[in-house]
Amino acid sequence: MVNDETEIIGIVEDVSVHIEETGFTVLELSSDDEFITVVGVLPDVAVGEKLTVRGNYDTHPLYGRQFKAKSFARSLPSSAQDLFKYLSAGTVKGIGPATAQKIVEEFGDDAFDILENHPEKLSRIKGISRQKANTICEEFSRQFAVRQTLIALEKFGMTARESLNAYKIFGFNAVDMIKTNPYILCAEGIGVNFERADAIASSLPEQPEQMHRIRAGVLHVLRHNLGNGHTCCPRDKLALPATELLGVEEQLLREATDALIRDRQLVSEELDGREFLFLPYIHRSEKNAARRIKVLCSFPPAGKPTLLQDIEDIENTLCIRYEQKQKAAIITAVEKGVLILTGGPGTGKTTAINGMISLFQKDNLRIALAAPTGRAAKRMSEITGMEAKTIHRLLEVEWDDEDNQAFSRNERNPIEADVLIVDELSMIDIQLFSSLLDALPLGCRLIMVGDSDQLPPVGAGNVLHDMIGSGMLPVVELKEVFRQAQRSVIVTNAHKIVSGENPDLTRKDGDFFFMPRRVGSQAAETVCELCAARLPKAYGYSPITDIQVLCPSRRGEMGTYNLNRRLQEVINPPDKRKNEITVGMFRFREGDKVMHIKNNYDILWKKPDGEEGSGVFNGDIGTIESIRPDGMTKIIFDDGRECSYFPDTMRELELAYAVTVHKSQGNEFEAVIMPVLNTPELLSYRNLLYTAVTRAKKLMIIVGNEEQVYRMARNDKKARRYSALRHFLLE
């Protein structure tokens, strides 16, 4: 179990690490005759200050026992001894240990009052001139003002990091500015959402101007849309959700939107005769991606004629025969240098990629392989025999001075490759794609591989569809299903689904099975039996590493929340020998299968071969190896990375016996079980069913109602995703 937050009170004895830009600090706190290492966002804390810190004890894999601070309050030193520690630490420019001792000896407990209010008295001390006294007191007053500002900001209920971010943006006027307009806290880089800003506004004695709230509400709706995958929003569609959120008339909404456009907090573009609104950074990503693609198409890499003899040589060497579309893909990749290769399962994308690689290697070209997820990169390595990296690792993710994600590989420092082959293109959102294009060196070939019938990315954008729809790039679609693949019912049913036909649910042999269930509790029981007993016994599959339950939804009897609870009970039940930890709504146990649900670039990892790095990403799946009594948890991910999680970091994990189809993108599993019963209408569509089926490598089982399965296959109504890459490409 996770302990409740602990409070410790003590005097700062030493500050060993302080990063001014982020406020991250490591310090020694003297509390009840004990020295405690405290880490966290503790801006401008100095030796000698008295701190009240709230948080939890953790054990760092390298640095041992630490207290992780989540919040803190401070008071300036009160005793002469603590005053001396504070001043002698060099906190105030111009005061060293010798001068600090003189000040404390001269003024005792009144030293702070002298520094703040009576600089002329400081010049009584030998060695301090009137000018130096003024300089020292000005610096002290500045630092005192910073501390008072941060303390005042934290009284709004803001975290130390949020307070520091607000101070860095708004300076000493931050408190007054927030009292006038608390919605400025919704600005990028602070981290306060609209609901919290609304709560702060309600707590103020004087309510802010209505227009401040309306403008913030409009931006909030657009950010929410971004979370649903839209890079932009038609202005006429903004009115309903915004007026419902804000409870105001449309005229006020129009005025606020116009003001946001004038102030460049929104970008307005006319697309096909309709006005669309963008958040500026997403607009930049789509514009930049379009610009980079146009450059690639206008100045393609130097190609060479590909003789059919070259391809025949590869066929003879590898004992294969390419079909015409595969040959066309290989020739286009070599001659044009830019290619989108699409196709469903069993159509030979892998074979075509390996043919390209053979020709590129023959020309001694440097080849880089990349995919959005660790599992997809691992699979790419297995099918090509070459190292493949996640896109984040290829671009070398890092943090900039504003504590935002950045990539060290960019236009000024491109990747070192002559050819880049990117798999699972349908998963890549517009921001990551724009960054990837920035990192391409001049003359680099770009081969993009994906399945256009799969779900769009979890993040914002519709990269693959927009590029294909623009008609600007060479596209080769593989359609012929090879004979050996035709033996797989998974493959044949996937192609039936994508064609709008009913999948064959009658087969009792092969690799695709349907188990009819009409009652939710019975379907859930069947899913649990298959995972825990029947498939392990019949096929030797592990319910942790081989079997994956994929659900259309998170909620309901067939959703991931309920099924994860039930699957944990039968696959990894409570055991006195297994430690547990409860975080949020999940009780995690040693041996549990878990998924990381948001990108975290700070988590350190190590592989069995000694390779080390940092970064765990949304969708990574692993197993809990151990949970220590202090809550420190070791997790081993499917690609071999071993990570240590603090209890607060565990909030970025969920049980993963069952995951949504959306979260499974880029992954493949030996066996997939999909419940299809009482599926919400909004999630009963073809692409979702197709994506689930194509995640299965050797065995696919659907449990539920066949008519609902057929209805999903027939329903080609995709949820509309607003994006502008295609438009910008055709401008």
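Hydrogens, waters and symmetry mates are skipped; everything else that's a heavy atom, side chains included, is used.
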Check your understanding: For residues Arg196 and Asn193, is any side-chain donor paired with an opposing acceptor at under 3.5 Å?
Key -> no

Revision key, fill the gap. Interatomic distance, OG@Ser723 vs CZ@Phe278, rounded to 0.5 Å, equals 8.5 Å

Point to revise | Heavy-atom neighbours of Lys578 NZ exceed 12 at 6.0 Å | key: yes

Practice item. Check Cys186 against Arg223 and note the closest heavy-atom contact, atom names and distance. Key: O-NH2, 3.3 Å

Review point. Do Thr660 side-chain atoms and Lys663 backbone N/O form a donor-acceptor pair below 3.5 Å?
Key: yes

Check your understanding: Would you say the side chains of Asp451 and Ser426 form a donor-acceptor pair under 3.5 Å?
Key -> no

Review point. So, does Asn579 use its side chain to make a donor-acceptor pair with the main chain of Ile627 at under 3.5 Å?
Key: yes

Practice item. State whether the side chain of Asp429 and the backbone N or O of Pro457 hold a donor-acceptor pair below 3.5 Å, judged by distance alone. Key: no

Review point. With a 3.5 Å cut-off and no angle check, do the side chains of Lys593 and Gln548 form a donor-acceptor pair?
Key: yes

Practice item. For Ser434 and Gln431, indicate whether the former's side chain and the latter's backbone hold a donor-acceptor pair under 3.5 Å. Key: no

Review point. Do Ser684 and Asn715 get their side chains close enough for a donor-acceptor pair, meaning under 3.5 Å?
Key: no

Check your understanding: Out of curiosity, Met467 CE to Thr342 OG1, how far, rounded to the nearest 0.5 Å?
Key -> 11.0 Å

**Study point:** Nearest heavy-atom neighbours spanning Leu699 and Ala696
**Key:** O-CB, 3.4 Å

Point to revise | Heavy atoms of other groups near Arg274 CZ, more than 12 under 6.0 Å | key: yes

Check your understanding: Please walk me through it: do Leu246 and Phe194 pass side-chain contact (heavy atoms from CB on, under 4.5 Å)?
Key -> CA-CA 11 Å; Leu246 298 165; Phe194 177 79; 3.7 Å; yes

Exercise for review: Show the numbers, then the answer: is there a side-chain contact (heavy atoms from CB on, under 4.5 Å) between Leu688 and Tyr685?
Suggested key: CA-CA 6 Å; Leu688 189 136; Tyr685 57 93; 3.9 Å; yes

Practice item. Quick one: pull up SG in Cys233 and NE2 in His230 and give me the separation to the nearest 0.5 Å. Key: 7.5 Å

Review point. With side chains defined as the heavy atoms from C-beta onward, is the minimum distance between Phe514 and Asp504 less than 4.5 Å?
Key: no

**Study point:** Donor-acceptor contact below 3.5 Å, side chain Glu580 vs main chain Pro574
**Key:** no

Review point. Is there side-chain contact between Thr492 and Val481, with at least one heavy-atom pair below 4.5 Å?
Key: no

Check your understanding: Are a donor atom and an acceptor atom from the side chains of Glu590 and Ser626 found within less than 3.5 Å of each other?
Key -> no

Point to revise | Minimum heavy-atom distance between Arg213 and Asp198, given as atom pair plus value | key: NE-OD1, 3.0 Å

Review point. Quick one: do the Thr526 and Arg517 side chains pair a donor with an acceptor below 3.5 Å?
Key: yes

Practice item. To the nearest 0.5 angstrom, please state how far the CG atom of Asn618 sits from the CD atom of Glu652. Key: 10.0 Å

Practice item. Determine whether the side chains of Asn225 and Tyr722 contain a donor N or O and an acceptor N or O closer than 3.5 Å. Key: no

Review point. Should the pair His392 and Phe617 be assigned to parallel (<30°), tilted (30 to 60°) or perpendicular (>60°) ring geometry?
Key: parallel

Review point. Is a donor on one side and an acceptor on the other found under 3.5 Å between the side chain of His495 and the backbone of Pro345?
Key: yes

Check your understanding: Can you tell me how far CG of Leu219 sits from NE2 of His224, rounded to the nearest 0.5 angstrom?
Key -> 14.5 Å

Check your understanding: Looking only at atom types and distance, does a side-chain atom of Ser499 sit under 3.5 Å from a main-chain N or O of Glu501, one as donor and one as acceptor?
Key -> no

Practice item. Tell me, please, whether Tyr690 has Arg686 positioned over its six-membered ring: NZ or CZ under 6.0 Å from the ring centre and within 45 degrees of its axis? Key: no

Review point. In terms of heavy-atom contacts, does NZ of Lys389 have more than 12 from other residues, nucleotides or ligands at under 6.0 Å?
Key: yes

Point to revise | Side chain to side chain, Leu432 and Ile391, heavy atoms closer than 4.5 Å | key: yes

Point to revise | Any side-chain donor near an acceptor of the partner, Asp592 and Asn572, under 3.5 Å | key: yes

Exercise for review: Answer yes or no: is there an ion pair linking Glu668 with Arg695, defined by an N-O contact shorter than 4.0 Å?
Suggested key: no

**Study point:** Residue pair Arg379 / Glu424, side-chain heavy-atom distance below 4.5 Å
**Key:** yes

Check your understanding: Tell me, do Tyr645 and Met632 make a side-chain contact under 4.5 Å, heavy atoms counted?
Key -> no

Point to revise | Student check: side-chain heavy atoms of Thr623 and Ile635 closer than 4.5 Å | key: no

Study note, to complete from the structure: When every non-hydrogen atom of Ala289 is compared with those of Phe433, the smallest separation belongs to CB-CD2, 4.2 Å

Check your understanding: Taking atom NE2 of His465 as the centre, does the number of heavy atoms from other residues, nucleotides or ligands within less than 6.0 Å exceed 12?
Key -> yes

Practice item. Would you mind checking if Glu654 and Lys598 are paired as a salt bridge, meaning a charged N to carboxylate O distance below 4.0 Å? Key: no

Review point. Where the side chain of Arg721 meets the backbone of Gly461, is there a donor-acceptor pair that is under 3.5 Å apart?
Key: yes

**Study point:** Other residues, nucleotides, ligands: >12 heavy atoms within 6.0 Å of Glu249 CD
**Key:** no

**Study point:** Minimal non-hydrogen separation, Met674 against Met700, with atom names
**Key:** CB-CE, 3.7 Å

Check your understanding: side-chain contact (heavy atoms from CB on, under 4.5 Å) between Leu604 and Cys643: does it pass, once the steps are laid out?
Key -> CA-CA 6 Å; Leu604 302 175; Cys643 302; over 6 Å; no

**Study point:** Heavy-atom neighbours of Arg726 CZ exceed 12 at 6.0 Å
**Key:** no

Practice item. Give a yes or no on whether a salt bridge exists between Glu706 and Arg518, defined as a side-chain N under 4.0 angstrom from a carboxylate O. Key: yes

Practice item. May I have the step-by-step check of side-chain contact (heavy atoms from CB on, under 4.5 Å) for Ile701 and Met515, ending in yes or no? Key: CA-CA 7 Å; Ile701 300 175; Met515 303 182 72; 3.9 Å; yes

Exercise for review: Look at the side chain of Asp546 and the backbone N and O of Glu670, then say whether any donor-acceptor pair between them is shorter than 3.5 Å.
Suggested key: no

Review point. If only atom types and distance count, is the side chain of Thr243 paired as donor or acceptor with the main-chain N or O of Leu240 below 3.5 Å?
Key: yes

Check your understanding: Given the rule in the salt bridge (Lys or Arg N to Asp or Glu O under 4.0 Å) test, do Glu525 and Arg566 qualify, once you have shown the distances and angles that lead to the verdict?
Key -> CA-CA 9 Å; Glu525 186 66 31; Arg566 297 191 59 163; 2.8 Å; yes

Check your understanding: Is any side-chain heavy atom of Phe637 less than 4.5 Å from a side-chain heavy atom of Ile621?
Key -> no

Point to revise | Cationic N near anionic O, under 4.0 Å, Lys349 to Asp423 | key: no

**Study point:** Spacing of Ser488 atom OG and Phe512 atom CZ [to the nearest 0.5 Å]
**Key:** 9.5 Å

Revision key, fill the gap. All heavy atoms of Ile430 vs all of Leu725, minimum pair found to be CD1-CD2, 4.3 Å

**Study point:** Lys68, NZ atom: more than 12 neighbouring heavy atoms under 6.0 Å
**Key:** yes

Point to revise | Test item: Ile624 and Thr633 side chains (from C-beta on) under 4.5 Å apart, heavy atoms | key: yes

